[in-house]
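Counting begins at 1 with the first residue of the sequence. The figures that follow rest on heavy atoms only: side chains count, while hydrogens, waters and symmetry mates do not. Each ligand, and each atom within it, is numbered from 1 in the order the structure gives.
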Amino acid sequence: MYLKLKPALSLILLLLIHLPFAHAQQKSVDHQVDSLMRLMTLQEKIGQLNQYSDDWTATGPVTVDNDKTRQVRNGLVGSMLNCKGTDRTRWWQEAAMKSRLKIPLLFGQDVVHGYKTTFPIPLAEACSWDIDALSLSARTAATEASAGGIHWTFAPMVDIARDPRWGRVMEGAGEDPYLGSLIAAARVKGFQGNKLGDVNSVMACAKHFAAYGAAIGGRDYNTVDMSERMLWEVYLPPFKAAVDAGVATFMNSFNILNGIPATGNSYLQREILKGQWGFKGFVVSDWNSIGEMVTHGFVKNDYEAALAAITAGSDLDMESRCYKNNLAQLVTEGKVPLALVDDAVRRILEKKFELGLFDDPFKYCNAEREQKELNDPENPKIAREMAVRSIVLLKNQNNLLPLSKSTKTIAFIGPLVKAVKQNKGFWDVEVPGVDSGFIVSQWEGVKNKIGADAKLLYAKGCEIEGSDKSGFAEAVNIANQADVVILSIGERRNMSGEAHSRSNIGIPGVQEDLLKELLATGKPVVVLINAGRPLIFNYTADNAPAILYTWWLGSEAGNAIADVIFGDYNPSAKLTISFPLSVGQIPVYYSHLNTGRPASGQGNTSSYIDLSNYPKYEFGYGLSYSTFEYSNLTLSSDKMKSDEKLVATVIIKNTGKYAGEEIVQLYLRDVVSSIVRPVKELKDFKKIALKAGESKTITFTIDKEKLSFYNQQLKRVAEPGDFDLMIGASSKDIRLTDKFELVN
Ligand code: NOJ
């Protein structure tokens with residue numbers, strides 16, 4: 001029995017005293033994994049590669065299987081998902097402890113934007129450009145989730161996304177690989193904390209490997225066809241950044257990439273991830289993505305699917321049962337070398353050891369800690385801070401915002417004003433024993449903020465969807481009584497998210513018609529747009545005097561929205577994805593190449609005859625209640641050798657009345673190169689706080705890496721020649737420019 005050989009706690013302590021360094025600890029983990037694997041039967045090994053969903057909540061198509069508990073007791077399951085709370089995880093772990101070798105289960109969960117405390121959806125958080133805040137959000141989620149028995153989150157999703165029809169744009173960081181990479185690393189570090197094995201750390205999972213965000217037509221799960229160059233330049237960098245940040249696991253993806261399903265793709269998983277990048281963790285399939293290779297037409301049956309997946313480097317089978325049902329036969333028949341199975345098992349067991357589950361399988365099942373962490377009064381404060389930093393001010397005509405707290409009468413109108421759960425966004429986690437009472441609605445947030453004498457009137461006006469306008473009259477009536485109207489409209493929270501692609505990304509139903517009627521009253525209207533993706537709302541954009549894009553902000557949504565409306569927080573977020581003018585422009589993104597005939601409005605140029613080329617709101621756009629002046633751009637030299645660094649400095653002044661933060665963006669263009677480069681690429685940014693009237697000097701350092709790209713042989717090179725340097729408040733609002741030359 002393994003248990004007899006398993007090092008007792010005293011031995012572990014001894015090891016910790018004598019082998020204090022990471023490599024020594026790794027050696028010890030290797031040694032323990034070796035000893036354990038020597039005792040395992042083939043069936044038990046395959047069991048470690050098998051993951052089931054608990055029956056409580058399903059995040060994919062359910063396979064009815066009443067035999068799961070027996071399989072766990074027989075050591076035929078290595079991991080569970082959708083199993084949460086200390087009671088439930090303890091129950092399953094006790095079942096695993098009845099197995100012959102007592103190998104603990106791993107509990108995974110989609111903790112994507114919070115566990116009990118819900119944070120803004122990831123795309124909204126990304127718009128803060130605030131790396132520390134993003135990391136703290138993930139850290140807080142990890143602390144709560146780990147206290148609820150979770151060892152592993154299926155996050156962050158690091159897929160670059162340039163098509164807002166795709167429902168999962170809400171789950172990533174937007175369109176840009178540079179910013180996406182920084183955010184990927186911040187989230188991984190946040191989830192994993194100081195080190196795996198700390199009781200408040202969870203393993204992170206970079207997903208979905210790879211190129212899932214480029215689904216044709218923005219339709220979820222759809223095929224991806226892209227050049228190697230696009231893959232390396234745009235879609236792979238955030239995954240590489242996650243590896244560099246020490247991510248413990250990867251999830252592969254549902255899509256076909258250039259003819260080969262990602263799950264059965266050796267090039268992605270063996271050659272790039274485990275080969276070139278030296279990734280030592282394990283890869284989980286997506287839900288039944290192994291079995292779905294049959295539907296793709298890549299393999300004939302589940303037997304061949306298992307063969308393709310294990311050969312390609314998919315280690316853990318989420319829910320398809322292809323490994324469980326076929327791997328033993330494949331090994332016995334010599335089609336799959338045992339070494340491949342062993343490698344996958346080893347990767348998974350290593351993580352179980354690193355997490356400390358062999359020392360104490362119930363380490364994460366402490367009900368007292370669960371209570372304490374889930375009720376930590378700091379967590380809502382962190383969520384509120386993250387939420388205010390995620391709200392994007394799109395328009396503020398005549399400085400309508402911020403509103404005065406002593407405004408006499410406010411009409412708060414719209415289908416989302418009193419909504420509660422909607423604010424949680426798509427990936428809210430149903431935590432056992434927790435109801436939604438702690439979520440702050442927009443109504444509550446505003447009500448709590450305004451002065452005692454202020455009057456707050458309410459009308460729903462209409463539903464999110466449908467054509468019913470019967471509530472308009474009441475809405476117009478209260479608008480007429482008010483000094484100002486706040487209108488809260490948008491999508492339902494699950495109109496974006498997995499399997500929620502939309503072809504029409506307008507504001508649904510009659511909500512914009514309601515706005516039209518409210519504007520006709522002549523009252524000033526502040527519009528709040530709640531959504532999980534960039535929507536198209538040209539009428540609102542052109543006619544409403546003030547617009548806040550509030551996304552889905554989580555459990556503190558109401559407080560955060562009120563903080564911004566009434567000026568307790570001066571909005572600082574900027575879009576990390578372009579907002580199209582029309583679906584016909586998609587994909588539209590800032591870092592495009594120049595055509596030979598750039599649009600000029602005349603002659604045969606690359607443009608639409610019925611539509612501008614430019615998005616409604618560009619990448620990097622977002623207003624503040626203040627204004628910022630950019631001046632005095634200086635470069636340390638107009639020439640740079642590739643082993644040198646160039647320093648650009650610029651002075652930023654807050655010229656408004658309010659203290660505020662500005663995200664100063666640095667873009668570069670390689671003017672002439674062997675591979676045509678985008679018209680601009682984000683290469684750095686600084687988010688700075690300035691009091692009213694204050695100036696600061698900002699410094700950017702440009703090194704060879706910032707000038708490099710993949711050449712024809714897909715090697716990273718910086719080619720000598722001219723570079724344009726642009727510093728701006730958005731990708732379009734470039735305030736200062738200069739040039740320099742890279743010399744040999
Ligand atoms: C499918 C999703 O694509 C993936 O992101 C998620 O982690 C799994 N389901 C598990 O819920």
Side-chain angles (χ1 to χ4, degrees), residues 50-63 77-84 106-115 121-123 138 141-142 145 150-161 166-173 184 187-188 191 202-215 218-224 238-239 242 247-257 261-263 281-293 295-296 309 314-321 425-431 494 496-501 532:
N50 188 26
Q51 185 190 49
Y52 290 147
S53 175
D54 198 353
D55 300 325
W56 276 16
T57 43
T59 49
V62 178
T63 303
V77 183
S79 170
M80 301 284 300
L81 73 149
N82 293 330
C83 159
K84 48 195 180 277
L106 264 184
F107 298 115
Q109 180 71 38
D110 290 289
V111 181
V112 174
H113 48 108
Y115 183 69
I121 57 167
L123 181 59
I150 306 299
H151 308 136
W152 176 24
T153 173
F154 304 129
M157 186 192 98
V158 305
D159 296 305
I160 294 297
W166 189 49
R168 297 191 85 167
V169 288
M170 52 86 40
E171 220 177 308
R187 287 188 164 139
V188 167
F191 285 129
V202 295
M203 296 195 296
C205 179
K207 69 187 189 184
H208 305 81
F209 197 58
Y212 179 48
R219 188 154 46 76
D220 205 5
Y221 315 126
N222 203 8
T223 304
V224 175
F239 287 101
V247 72
T249 73
F250 259 54
M251 184 184 291
N252 56 35
S253 52
F254 288 119
N255 57 284
I256 293 169
L257 174 63
T263 305
F282 68 86
V283 180
V284 61
S285 77
D286 206 339
W287 184 297
N288 191 34
S289 67
I290 299 181
E292 287 176 19
M293 290 195 289
T295 323
H296 284 308
S314 298
D315 300 309
L316 177 62
D317 174 0
M318 183 191 288
E319 269 289 334
S320 90
R321 291 159 174 78
F426 187 81
W427 285 107
D428 86 289
V429 182
E430 299 273 354
V431 176
N494 58 0
S496 54
E498 186 183 348
H500 286 84
S501 295

For a distance cut-off of 3.5 Å, show me each N or O of ligand 1 paired with any protein N or O, plus the separation.
{"residue": "ligand 1", "atom": "3 (O)", "partner": "Arg168", "partner atom": "NH1", "Å": "2.6"}
{"residue": "ligand 1", "atom": "3 (O)", "partner": "His208", "partner atom": "NE2", "Å": "3.4"}
{"residue": "ligand 1", "atom": "3 (O)", "partner": "Asp286", "partner atom": "OD1", "Å": "3.4"}
{"residue": "ligand 1", "atom": "3 (O)", "partner": "Asp286", "partner atom": "OD2", "Å": "2.5"}
{"residue": "ligand 1", "atom": "5 (O)", "partner": "Arg168", "partner atom": "NH2", "Å": "2.8"}
{"residue": "ligand 1", "atom": "5 (O)", "partner": "Lys207", "partner atom": "NZ", "Å": "2.8"}
{"residue": "ligand 1", "atom": "5 (O)", "partner": "His208", "partner atom": "NE2", "Å": "2.7"}
{"residue": "ligand 1", "atom": "7 (O)", "partner": "Asp110", "partner atom": "OD1", "Å": "2.6"}
{"residue": "ligand 1", "atom": "7 (O)", "partner": "Lys207", "partner atom": "NZ", "Å": "3.1"}
{"residue": "ligand 1", "atom": "9 (N)", "partner": "Asp286", "partner atom": "OD1", "Å": "3.4"}
{"residue": "ligand 1", "atom": "11 (O)", "partner": "Thr59", "partner atom": "OG1", "Å": "2.5"}
{"residue": "ligand 1", "atom": "11 (O)", "partner": "Asp110", "partner atom": "OD2", "Å": "2.5"}

Can you find a pair of side-chain heavy atoms, one from [X] and one from [Y], that are under 4.5 Å apart?
X: Lys207; Y: Tyr212; answer: no
X: Trp427; Y: Thr59; answer: yes
X: Ser289; Y: His208; answer: no

Quick check on Arg321: does its CZ atom have over 12 non-hydrogen neighbours (other residues, nucleotides or ligands) under 6.0 Å away? yes

Using the six-membered ring wherever Trp is involved, compare the ring planes of Phe250 and Phe239 and label them parallel, tilted or perpendicular (cut-offs 30° and 60°). tilted

Between Pro61 and Trp287 the two heavy atoms that sit nearest each other are O-NE1, 3.0 Å

